[in-house]
Amino acid sequence: GRFTRAATRGDGFRGDDISANLRTIKSIPLKLEAPKGAEIPKFMEVRGEVYMRHENFEKINKAKEKAGEELFANPRNAAAGSLKLLDPRIVAKRGLDLFIHGLGYSEGAPFRSQSGLLDGLRALGFRVNPNFKKCPAIDDAIKFCDTWQKERGELEYDTDGMVVKVDSFAQQKKLGATTKSPRWMIAYKYPAERIETKLLDIKVQVGRTGALTPVAVLKPVLVSGSTVTHASLHNQDEIERKDVRIGDTVIVEKAGEIIPQIVEVVKSKRTGKEKKFEIPKKCPACGAQAKREEGEVAFRCENVFCPAQLKESLIHFASRAAMDIEGLGEAMVDQLVDKKLVRDYGDIYYLKFEQLRALERVGDK
């Protein structure tokens, strides 16, 4: 009945040991207490999902903004990033929470159904999502899903759908699984929330490969729990296909509840003052020629010394998946390139303490 280890799912074969970080989550019992007349299973592996409440997410981003750090895009990224931190003291301050929803390997666990498992887990001291229901027929399950589609905005966390499961474990075993997924369970995804707003301008961003990407500047609007001010328009072909113009009223949604995108233009609200947009033939960052190769959709800046490309390359180089250089985010890279302290990756390693100290929001440490 004692907590021994916590691990991430990883790729399904190998994950990370995050025991120290999960010990900081107050809703995880470090020792199980069996209810009267019941026994604690000899060994039990429970499965769940860590999440971050909206309230905590806003608090963390405010603190990051104050410190001049890059903000988290959404609570999901914030929760996942927090679990990978090496210092459990920082994780403890993030106020993460967790719902247990399933059972892995176990010895002596008496559960015979999903609903029985959830009730049993709750009795043992685990935190279980209270919004589950045992439905006698599929029509009741569909009705329950529809109810939560309307009410999910009132939850303290983000959700993009519900999971429908066959209740009986014996029937689950009979149904089995394909190589990709179980036959006894299905995820029911809700359509993304769509909100109307105004397209104020179209700016062009230069990526690390030199690709020129048009980005819509939007009148700030609340979509799926966070304020959206920008959305990628991908390329010129996409702008023409959707007939997007500066000044248009557009409908915005978050793809997969995360990435803002323009779904369509509300053409009935056009006044005639809207302006068509074309990707510039010159790079907005360095003024070099932008070319579109045959068979490609993107225009690219051909200047290998383009400062915008360098900035994006450095951000990528310093990212967690690459060299994992702590503190070298967007704001720091901007300063290093603009002050000509860094002209390529190698220059990072020749920076002097005095040079860094002279930068904004940097001090002795």
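Between Lys133 and Trp148 there is no side-chain heavy-atom pair separated by less than 4.5 Å. Residues Phe3 and Pro29 have side chains not in contact (no heavy-atom distance under 4.5 Å, counting atoms from C-beta outward). Side-chain contact check for Val250 versus Val265: some heavy-atom pair is nearer than 4.5 Å. Residues His230 and Val217 meet the side-chain proximity criterion, which asks for heavy atoms closer than 4.5 Å. Between Asn74 and Lys254 there is no side-chain heavy-atom pair separated by less than 4.5 Å. Proximity of Pro284 to Leu212: side-chain heavy atoms (C-beta onward) are separated by under 4.5 Å at one or more points. Looking only at side-chain heavy atoms (C-beta outward), Arg292 and Ile279 stay at 4.5 Å or farther from each other. Using a 4.5 Å heavy-atom cutoff, the side chains of Asn56 and Leu96 are not in contact.
For the pair Arg208 and Glu312, the salt-bridge criterion is not met [side-chain N within less than 4.0 Å of a carboxylate O]. The pair Glu354-Arg357 fails the salt-bridge criterion, with no side-chain N (NZ, NE, NH1 or NH2) lying under 4.0 Å from an Asp/Glu carboxylate O. At a threshold of 4.0 Å, the pair Lys143-Asp140 does not count as salt-bridged, since none of the basic side-chain nitrogens sits closer than that to a carboxylate oxygen. Using a 4.0 Å cut-off between a side-chain N of Lys or Arg and a carboxylate O of Asp or Glu, Glu302 and Arg300 do not qualify as a salt bridge. Salt-bridge check for Lys311 with Asp338: passed, with a basic side-chain N closer than 4.0 Å to an acidic carboxylate O. Ionic pairing of Glu278 and Lys281 is present here: one or more N-O contacts between side-chain nitrogen and carboxylate oxygen are shorter than 4.0 angstrom.
For the residue pair Tyr51 and Asn129, no side-chain donor N or O sits within less than 3.5 Å of a side-chain acceptor on the partner. Side chains of Ser27 and Arg127: a donor-acceptor N/O pair is absent below 3.5 angstrom, by distance only.
Other cluster members for Met185: Val163, Val166, Leu175, Trp184, joined by side-chain heavy-atom distances under 4.5 Å among Ile, Leu, Val, Met, Phe, Trp and Tyr.
Considering Arg270, Lys242, Lys269, Lys198 in turn, Arg270 is the only one that fulfils the salt bridge (Lys or Arg N to Asp or Glu O under 4.0 Å) rule with Asp248.
Between the side chain of Asp16 and the backbone N or O of Ile18 there is no donor-acceptor pair closer than 3.5 Å. Using a distance-only test at 3.5 Å, with no hydrogens or angles considered, a donor-acceptor pair links the side chain of Asn21 to the main chain of Leu83.
In this structure, Phe132 has its ring center at least 6.0 angstrom away from the ring center of Phe99.
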